[in-house]
Novice: 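Sharing a structure below in structure tokens format, with a few things to ask.
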Amino acid sequence: MKPLRTAAAMLCSLLLLTALSGCAQGGRRMIRIGHNQSADHPTNLALLAFEAHIEAALGDRYEVEVYPSELLGSQTDMVQLTQTGAIDFCVASNSILETFSERYTLFNLPYLFVSRDAYHQAMDDPEITRPIFSSTRQAGFEAVTWIDAGTRNFYTVSTPIQSPADLKGLKIRVQQSPTNVTMMRLLGGSATPMGFGEVYTALQSKVIDGAENNELALTSNGHGDVCKYYSYDMHQMIPDILIGNCDFLDSLSEEERAVFEEGFQLVNSVERQEWDKAVDAAKERAENQQGVTFLYPDVQPFQTICIPMHQDLLDDCPDLVPIYEGIQRWNRQYPQKGEQ
């Protein structure tokens, strides 16, 4: 891992040096976008669609470069580079953004959304997202769209998770967020926060016993080569967030900003179109080629343990109450299929 980190650090230093000019060939402004997913991941496909859209409409002024697979460093590194303007955009987990604005903590709550439809409706509702997306402007960046990252579930090297009791004593990689650490503690496991790029080696060497993520982590990131049980406890639906440097966004003309806004919507729609296909393919490959067993435990015991976290957050952050209530309205309108 050290050579990769060194290479990423050198590249980041180069970007910092070149960001002052930010020019591509022909005097066009270079736009750099980083993320931590593989080249065939729905996120990368959506960003390539964004690249094509911007260059088709504004190619005389801008050239877009997309850097997948943590080529610009970890998500935390890329958020910091976006803050400073060394790069212009990056995709960050909502859990990382929690450390910049407590408002993002809301989306990290386990069992916040009762169904996928409620999740999508809420995330498409500007009355819910706008106060959160704009809350990091003082930090130098803001969210420009959200990206569907499916449901997060536990997967382990050798221990099938059928109930919270099965997590006791297991070291589980979680995202680097206080909410995720608390959730893991309540469920009985030992939270091990680490960058996503470190997870495969940690699983392989048994530094950790498992992790929690969506199905694509099994295939796109190879975790299914090591972890043989994937349990659908459905503990979170956490969006990934495309964030942009505020100075760059504010520098756009009205005409340019309109084109970029169309591009941001394109990122969202293309990624969502690709997501279902990618999940189906990942499950089939994980089961048939990697030998992963998919488990479907009763979700209720997990949910009962985690639900008190909702009120704890609202007590600490009363300004989130109206947003939380807005999400509950969508939950009532779009209950889990099979509910009355």
Side-chain angles (χ1 to χ4, degrees), residues 8 33-38 41-44 46-47 66-83 87 89-113 119 122-123 129 132-133 135-136 139-155 172-184 191-200 202 208 211-218 220-221 223 234-245 264 267-268 271-272 275 278-279 309 313:
I33 309 174
H35 66 93
N36 69 345
Q37 302 293 354
S38 60
H41 192 279
T43 292
N44 196 62
L47 291 172
V66 178
Y67 296 85
S69 304
E70 293 193 338
L71 288 174
L72 302 184
S74 70
Q75 282 194 355
T76 300
D77 294 333
M78 289 186 283
V79 171
Q80 292 170 349
L81 290 170
T82 305
Q83 274 187 287
I87 64 176
F89 299 95
C90 77
V91 177
S93 166
N94 185 87
S95 296
I96 289 176
L97 298 181
E98 176 185 336
T99 63
F100 292 89
S101 169
E102 66 179 10
R103 291 191 171 189
Y104 276 100
T105 306
L106 181 63
F107 293 150
N108 286 342
L109 284 176
Y111 301 104
L112 176 63
F113 304 104
Y119 168 48
M123 293 305 302
T129 58
I132 297 175
F133 284 3
S135 64
T136 55
F141 64 88
E142 65 179 339
V144 295
T145 193
W146 69 281
I147 293 172
D148 190 356
T151 60
R152 298 185 74 88
N153 305 283
F154 292 113
Y155 54 94
I172 303 294
R173 181 266 175 179
V174 297
Q175 293 177 302
Q176 295 159 305
S177 111
T179 300
N180 290 48
V181 171
T182 299
M183 176 190 72
M184 203 68 251
T192 307
M194 67 174 63
F196 190 58
E198 303 172 56
V199 177
Y200 182 88
I208 56 177
E212 51 85 42
N213 209 323
N214 57 57
E215 301 91 337
L216 271 62
L218 298 173
S220 293
N221 306 98
H223 296 181
M234 314 282 284
H235 56 264
Q236 286 167 317
M237 298 180 195
I238 304 181
D240 285 337
I241 308 292
L242 179 62
I243 64 170
N245 175 266
F264 301 147
V267 169
N268 182 280
E271 194 274 345
R272 283 159 74 171
W275 183 259
V279 168
M309 292 178 65
L313 175 62

Novice: Just so I know, are the side chains of Met184 and Thr192 near enough to count as touching, which here means a heavy-atom distance under 4.5 Å?
Specialist: no
Novice: Is there a side-chain contact (heavy atoms from CB on, under 4.5 Å) between Leu72 and Cys90 once you walk through the steps?
Specialist: CA-CA 10 Å; Leu72 302 184; Cys90 77; over 6 Å; no
Novice: What verdict does the side-chain contact (heavy atoms from CB on, under 4.5 Å) test give for Ile241 and Ile96, after you've listed the backbone C-alpha separation in whole Å, the side-chain angles of each residue and the deciding distance to 0.1 Å?
Specialist: CA-CA 10 Å; Ile241 308 292; Ile96 289 176; over 6 Å; no
Novice: Donor-acceptor check, side chain of Asn94 to backbone of Tyr104, threshold 3.5 angstrom: yes or no?
Specialist: yes
Novice: Do the non-hydrogen side-chain atoms of Val279 and Leu216 ever get within less than 4.5 Å of each other?
Specialist: yes
Novice: Taking all non-hydrogen atoms of both residues into account, name the closest pair between Asp148 and Arg272 and its distance.
Specialist: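 Looking at all heavy atoms of both residues, the shortest contact is CB-CG, 4.0 Å.
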Novice: Which pair of non-hydrogen atoms, one from Ala191 and one from Val174, has the smallest distance, and what is that distance?
Specialist: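 Minimum heavy-atom separation between Ala191 and Val174: CB-CG2, 4.0 Å.
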Novice: Please tell me whether Gln37 and Thr43 have a donor and an acceptor in their side chains that are separated by less than 3.5 angstrom.
Specialist: no
Novice: Within this structure, what is the CG-CD1 distance for the pair Leu242 and Ile33, rounded to the nearest 0.5 Å?
Specialist: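 The CG atom of Leu242 sits 6.5 Å away from the CD1 atom of Ile33.
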Novice: Mark yes or no for whether Trp146, through its side chain, and Met123, through its backbone, hold a donor-acceptor pair below 3.5 Å.
Specialist: yes
Novice: Closest heavy-atom contact between Ala139 and Gln83?
Specialist: O-NE2, 2.9 Å
Novice: First locate atom CD1 of Ile238, then atom CD of Glu98, and finally report the distance between them rounded to the nearest 0.5 Å.
Specialist: 8.5 Å
Novice: Is there a side-chain contact between Phe133 and Glu142, using heavy atoms and a 4.5 Å cut-off?
Specialist: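 When only atoms from C-beta onward are counted, Glu142 and Phe133 do not touch, as no gap falls below 4.5 Å.
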Novice: So, the side chain of Arg152 versus the backbone of His235: is there a donor-acceptor pair under 3.5 Å, distance only?
Specialist: no
Novice: Between Val79 and Phe100, is any pair of side-chain heavy atoms under 4.5 Å apart?
Specialist: yes
Novice: Please tell me if the side chains of Ile147 and Val267 come closer than 4.5 Å, counting only heavy atoms from C-beta onward.
Specialist: yes
Novice: Quick one: are Ser38 and Asn44 in side-chain contact, heavy atoms under 4.5 Å?
Specialist: no
Novice: Can you tell me how the ring of Phe113 sits relative to the ring of Tyr119, calling it parallel under 30°, perpendicular over 60° and tilted otherwise?
Specialist: tilted
Novice: Answer yes if the side chains of Ser93 and Gln175 hold a donor-acceptor pair under 3.5 Å, and no otherwise.
Specialist: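 The answer is yes; a qualifying pair exists.
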Novice: Can any side-chain N or O of Thr179 pair as donor or acceptor with the backbone N or O of Leu109 at less than 3.5 Å?
Specialist: no
Novice: Can you measure from CD1 (Ile87) to CZ (Phe141) and round to the nearest 0.5 angstrom?
Specialist: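 Going from the CD1 atom of Ile87 to the CZ atom of Phe141 covers 11.5 Å.
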Novice: Does the side chain of Ile132 reach to within under 4.5 Å of the side chain of Leu106, using non-hydrogen atoms?
Specialist: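 Counting from C-beta outward, Ile132 and Leu106 do come under 4.5 Å.
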Novice: Say you draw a straight line from CZ of Arg173 to CZ of Phe196; how long is it, rounded to the nearest 0.5 Å?
Specialist: 6.5 Å
Novice: Between Asn153 and Met234, is there a donor-acceptor pair closer than 3.5 Å when you use the side chain of the first and the backbone of the second?
Specialist: yes
Novice: Please test Asn221 against Tyr200 for side-chain contact (heavy atoms from CB on, under 4.5 Å), starting from the C-alpha separation and ending with a verdict.
Specialist: CA-CA 8 Å; Asn221 306 98; Tyr200 182 88; over 6 Å; no
Novice: Give the C-alpha distance, both sets of side-chain angles, the deciding distance and a yes or no for side-chain contact (heavy atoms from CB on, under 4.5 Å) between Val199 and Met194.
Specialist: CA-CA 7 Å; Val199 177; Met194 67 174 63; 4.1 Å; yes
Novice: Would you say that Asn214 contacts Trp275 through its side chain, given a criterion of any heavy-atom pair below 4.5 Å between the two side chains?
Specialist: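 Yes. Closest side-chain heavy atoms under 4.5 Å.
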Novice: Do the side chain of Gln236 and the main chain of Asn108 share a donor and acceptor less than 3.5 angstrom apart?
Specialist: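 A pair under 3.5 Å: yes.
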Novice: Distance check, rounded to the nearest 0.5 Å: Tyr155 atom OH versus Asn213 atom CG?
Specialist: 4.5 Å
Novice: First locate atom CG of Asn36, then atom NE2 of His41, and finally report the distance between them rounded to the nearest 0.5 Å.
Specialist: 8.0 Å
Novice: Gly195 and Gln176: which non-hydrogen atoms are nearest, and at how many Å?
Specialist: N-NE2, 3.7 Å
Novice: Do the side chain of Ser177 and the main chain of Asn180 share a donor and acceptor less than 3.5 angstrom apart?
Specialist: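 Here the side-chain-to-backbone pair exists.
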Novice: Taking Asn245 for its side chain and Thr82 for its backbone only, find out whether a donor-acceptor pair lies under 3.5 Å.
Specialist: yes
